[in-house]
2 protein chains.
Amino acid sequence: MARNSTDTKEKLLDAFDILLDKQGISGATLDAVAAKAGVSKGGLLYHYGSKAELIKGSLERLDRLVDEDVESMKAAGERLHLYYLETSAEIGTPLDRSLIAASCLAQENDEAKSALRRTREAWFNALNNHLGDADMAMTIQLIGDGMYFNQNFGLSQDEALAHVKNVLARLGL
Amino acid sequence: MARNSTDTKEKLLDAFDILLDKQGISGATLDAVAAKAGVSKGGLLYHYGSKAELIKGSLERLDRLVDEDVESMKAAGERLHLYYLETSAEIGTPLDRSLIAASCLAQENDEAKSALRRTREAWFNALNNHLGDADMAMTIQLIGDGMYFNQNFGLSQDEALAHVKNVLARLGL
DNA sequence: GTCTATAATGAGATAGAC
DNA sequence: GTCTATCTCATTATAGAC
């Protein structure tokens, strides 16, 4: 049992994101989210008064997780761009789940599209500040986007990452 | 009025793909598809007996369009990889709409996931045969995936393409 | 080949008890 | 803060007329 409101709200967002990831929009119904979070639909609607609010909550959490991720990138120092690529294909992390959820929602929700745009801007700025080379920053970001996109429909990106690293080596990175 | 069955079926697939692109899965209802194609729901269900069959029809058309696209890539000769990147960010073509539709569906449909995997394989083989370099073929494909992914949520990729071409020039491509 | 009418289901949301 | 019960509406699908 969740002791306080914050815990339950986080559990609800977790359930929502996971259902979006695994079953898509049609699977992430209020009934299913409530069941997965271990509360009733009425319980869910106490915390998030409508599906729109649940979506808003998920996207706000994405913003927070991206801020944290940019800090982690900076902490990687000289390996910043490699850290970015390695984590682009990562699965199962809170950030990854949150991102996939937003990608699902973006299909039919403009707020989600905006959230993803903000995410990309934050990462591009980090890459560009580090590399001092907009061409390379954009190219590396696109490669990360590509790996993320593929991983999304069930393709392991381990091999892809190895190929990319070979190319980056040729570019002195 | 469509004179024959084939015309109406194509119109229905067009309407389905466009609705998926613009409004996502929730917007692409049978009612909406029928209305956009200019027939009644009963008319739609005569041609495609269920939503599952409509989805199947859309994915089969994607397969055909991809086959044609691979032929176009080969026809581009030495510019094959550039042709690939330039068309990755293209919008409004039948192939593009069909691909976005499949990406939408992939969120909750395994057949759509498989169709996208086949698409990627076909393109990778074309790139790899042309370049004779799996590292570069994979990297270029990922960049194309990235541009496609971004264009999907409303970011023009013209600037991105220019950045990428600068990097490819450094690699002698 | 296309239509209308309607059945059956499942969704989001509200009301009020505990 | 969480529950059950219920309302309303949209969606898929069927039946049968034209």
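Residue numbering restarts at 1 for every chain, and letters A, B, ... go by the order of the sequence lines. Computed from heavy atoms alone, side chains included, the values below leave out hydrogens, waters and symmetry copies.
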Roughly how many Å is it from [atom1] in [X] to [atom2] in [N], rounded to a whole number?
X: D31(A); N: dT6(D); atom1: CG; atom2: P; answer: 16 Å
X: L12(A); N: dT2(D); atom1: CG; atom2: C1'; answer: 11 Å
X: L54(A); N: dA13(C); atom1: CG; atom2: C1'; answer: 14 Å
X: E53(A); N: dT14(C); atom1: CD; atom2: P; answer: 10 Å
X: L19(A); N: dG12(C); atom1: CG; atom2: P; answer: 11 Å
X: I55(B); N: dT11(D); atom1: CD1; atom2: P; answer: 15 Å
X: K51(A); N: dT14(C); atom1: NZ; atom2: P; answer: 15 Å
X: I25(A); N: dT11(D); atom1: CD1; atom2: C1'; answer: 16 Å

Going by an N to O cut-off under 4.0 Å, is there a salt bridge joining D67(A) and R64(A)?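 Here D67(A) does not pair with R64(A) in a salt bridge, since their nearest N and O are not under 4.0 Å apart.
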Describe the nucleic acid contact of T29(B) in one word from base, sugar-phosphate, nothing, applying a heavy-atom distance below 4.0 Å.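 Sugar-phosphate, no base atom in range.
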Atom CD of residue position E108(B) - does it have more than 12 heavy atoms of other residues, nucleotides or ligands inside 6.0 Å?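 More than 12 heavy atoms, drawn from other residues, nucleotides or ligands, come within 6.0 Å of this atom.
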Tell me whether M138(B) is reachable from M147(A) by hopping between hydrophobic residues (I, L, V, M, F, W, Y) whose side-chain heavy atoms are closer than 4.5 Å.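 In one cluster: yes.
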Could you tabulate the donor-acceptor pairs under 3.5 Å formed by side-chain atoms of residues 35-46 of chain B, not counting sequence neighbours?
unit_1 : atom_1 : unit_2 : atom_2 : d
S40(B) : OG     : G42(B) : N      : 3.4
S40(B) : OG     : G43(B) : N      : 3.1
K41(B) : NZ     : D31(B) : OD2    : 3.4

For DNA chain C, the residues among residues 41-50 of chain A that have a non-hydrogen atom under 4.0 Å from it: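 The answer is K41(A), L45(A), S50(A).
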Look at the side chain of Q141(B) and the backbone N and O of R120(B), then say whether any donor-acceptor pair between them is shorter than 3.5 Å.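 Yes, the answer is positive, given that a donor and an acceptor are paired below the 3.5 Å cut-off.
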Assess whether side chain to side chain contact (heavy atoms under 4.5 Å, CB included) is satisfied between T6(A) and K9(A), documenting all intermediate values. CA-CA 5 Å; T6(A) 308; K9(A) 290 184 85 167; 5.8 Å; no
Within less than 4.0 Å of OP1 or OP2 of dT2(D), is there a side-chain N or O belonging to T8(A)?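 Yes.
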